[in-house]
Number of protein chains: 2
Amino acid sequence: MLTIGKLGQAAGVKVPTIRYYEQIGLLPEAERSAGNQRLYSRKALDRLTFVRHARELGFTLDAIRDLLSLSDNPDQPCAAADAIAKAQLAEIEKRLARLASLKVELNRMVAQCAGGRIADCRVIEVLSNHSLCATDHRHPQAGNDH
Amino acid sequence: MLTIGKLGQAAGVKVPTIRYYEQIGLLPEAERSAGNQRLYSRKALDRLTFVRHARELGFTLDAIRDLLSLSDNPDQPCAAADAIAKAQLAEIEKRLARLASLKVELNRMVAQCAGGRIADCRVIEVLSNHSLCATDHRHPQAGNDH
DNA sequence: CTTGAAGCTACAGTAGCTAGAGACATTAGA
DNA sequence: TCTAATGTCTCTAGCTACTGTAGCTTCAAG
């Protein structure tokens with residue numbers, strides 16, 4: 001049995017985050033010690049590790065909730081889990097493409113700004129002049145890459 | 001002079017977002033028509049377009065605020081703007097690397113889940129078994145790629 | 001037995017929007 | 001010119017995924 005601190009260390013998740021996950025029902029309520037402290041089993045560690053990795057892969061907590069409930073009753077075809085993973089993969093590919101083109105643009109910006117004054121510097125110009133801009137014309141708020 | 005809706009369309013930013021930007025002081029307060037509706041000049045459009053592109057490049061609103069204030073008094077060396085852009089570039093390169101490795105892993109997951117049942121499917125296993133995992137051991141919460 | 005770290009609850013705050021309610025303004029068509 | 005539709009106004013609340021604070025209790029080491 002692990003205390004919350006050890007669990008957090010083992011899984012690579014901060015203690016308040018674990019409590020938050022419990023609070024929103026992503027993790028089951030933990031057993032408690034005589035002194036009311038949370039105690040975790042190895043199984044709980046696996047579950048939390050799963051959550052952490054899924055988060056790193058960019059899954060939302062909702063998607064993770066789905067995956068966990070799938071894994072809790074494993075006598076079903078795994079098409080559902082597969083669909084979630086595939087959707088995630090598509091998302092990641094989109095982000096990769098965007099980041100790659102953004103990188104090109106930022107590189108150009110930095111290269112052009114070679115110690116001049118701002119008036120001569122194109123860092124800002126590149127960002128306000130659309131014709132100089134390699135990015136596509138997608139919907140704007142899609143810009144918040146998370 | 002543009003109404004807020006036209007401005008939003010021209011810049012590719014949603015109307016409530018423009019009002020939000022004004023509210024937090026990222027954009028100056030707009031002129032008003034006789035009927036109290038916001039009116040925007042071409043300069044305002046440039047500024048908003050700048051903000052939009054900067055957001056797409058992953059700059060935080062705080063960084064954008066800095067860049068805007070730099071561009072508002074351009075008689076300084078552009079080292080500061082350059083530094084902001086360079087920091088951003090480093091960020092983007094980190095994200096690119098992570099997303100690339102995540103993509104490999106997700107691809108593997110999807111490939112392994114070829115119509116079996118969840119019990120035989122490694123989508124979930126891959127995510128709970130650290131030894132199968134290609135991602136690094138960074139700090140977990142860094143997972144939210146903003 | 002004491003001290004300091006780690007745990008507890010509860011609540012507030014963060015970024016960057018997004019959505020809804022209810023009222024007023026503007027514009028296009030009959 | 002009237003009307004209906006659309007656009008805009010303010011305000012408030014909500015969202016995700018945490019993070020931080022305050023003020024307390026519990027636990028392990030020396």
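Quick note on labels: first sequence line is chain A, next is B, and so on, each numbered from 1.
The interatomic distance linking A:Q23 (CD) with C:dT9 (P) rounds to 10 Å, in whole Å. One can place CG of B:L26 at 13 Å from C1' of C:dA15, the figure rounded to the nearest angstrom. Residue A:E22 contributes atom CD, which lies 16 Å from atom P of D:dC18 at whole-angstrom precision. Following rounding to the nearest Å, B:I18 (CD1) and D:dT10 (P) show an atom-to-atom distance of 13 Å. B:M1 places its CE atom 20 Å from the P atom of C:dA25, with the value rounded to the nearest Å. Atom-to-atom, CZ of B:R55 to P of C:dG16 comes out at 5 Å; the value is rounded to the nearest Å. If you measure from atom OH of A:Y40 to atom C1' of C:dC8, you get 12 Å, rounded to the nearest angstrom. When the C1' atom of C:dG16 is taken as reference, atom NZ of B:K14 falls 12 Å away, rounded to whole Å.
Each of A:Y20 and A:G35 was assigned the nucleotide of DNA chain D with the nearest heavy atom; the assignment lying further toward the 5' end belongs to A:Y20. Mapping B:S33 and B:T60 onto DNA chain C via the closest heavy atom, the residue that lands nearer the 5' end is B:T60.
Distances were taken from every side-chain heavy atom of A:R32 (C-beta onward) to each of D:dA17, C:dT9, D:dT19; the shortest belongs to C:dT9.
Nearest approach of A:P28 to A:R47, heavy atoms of both residues: CD-NE, 3.8 Å. Smallest separation of non-hydrogen atoms from A:R19 and A:I4: CG-CD1, 3.5 Å.
At the phosphate of C:dT18, OP1 or OP2 sits under 4.0 Å from a side-chain N or O atom of B:T17. Look at B:Y21 and you won't find any side-chain N or O under 4.0 angstrom from OP1 or OP2 of C:dG16.
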Check: Does the side-chain contact (heavy atoms from CB on, under 4.5 Å) test come out yes or no for A:L48 and A:Y40, once each step is laid out?
Finding: CA-CA 10 Å; A:L48 181 56; A:Y40 296 93; over 6 Å; no

Checklist line | Stepwise side-chain contact (heavy atoms from CB on, under 4.5 Å) test for B:T49 and B:L45 | finding: CA-CA 6 Å; B:T49 305; B:L45 173 56; 3.7 Å; yes

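Residues passing the side chain to side chain donor-acceptor pair (under 3.5 Å) test with A:R42, sequence neighbours excluded: none. Residues satisfying the side-chain contact (heavy atoms from CB on, under 4.5 Å) test with A:D62, not counting sequence neighbours, are A:T60, A:R65. Here B:R38 pairs with B:E22 under the side chain to side chain donor-acceptor pair (under 3.5 Å) rule; sequence neighbours left out.
When the options B:D46, B:L67, B:L68 are evaluated for a side chain to side chain contact (heavy atoms under 4.5 Å, CB included) with B:V51, the one that passes is B:L68.
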Please write out the pairs of protein N or O atoms and N or O atoms of nucleotides 2-7 of chain C separated by less than 3.5 Å, giving the distance to one decimal.
unit_1	atom_1	unit_2	atom_2	d
C:dG7	OP1	A:T3	OG1	3.3
C:dG7	OP1	A:G5	N	2.6

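B:M1 and B:V15 fall into different hydrophobic clusters, where Ile, Leu, Val, Met, Phe, Trp and Tyr residues are linked whenever their side-chain heavy atoms come under 4.5 Å apart, directly or through other members.
Comparing the end axes of the helix from C:dC1-D:dG30 to C:dA30-D:dT1, each fitted to five base pairs by superposing C1' atoms of four pairs onto the next four, gives an inter-axis angle of 10° (nearest 10 degrees).
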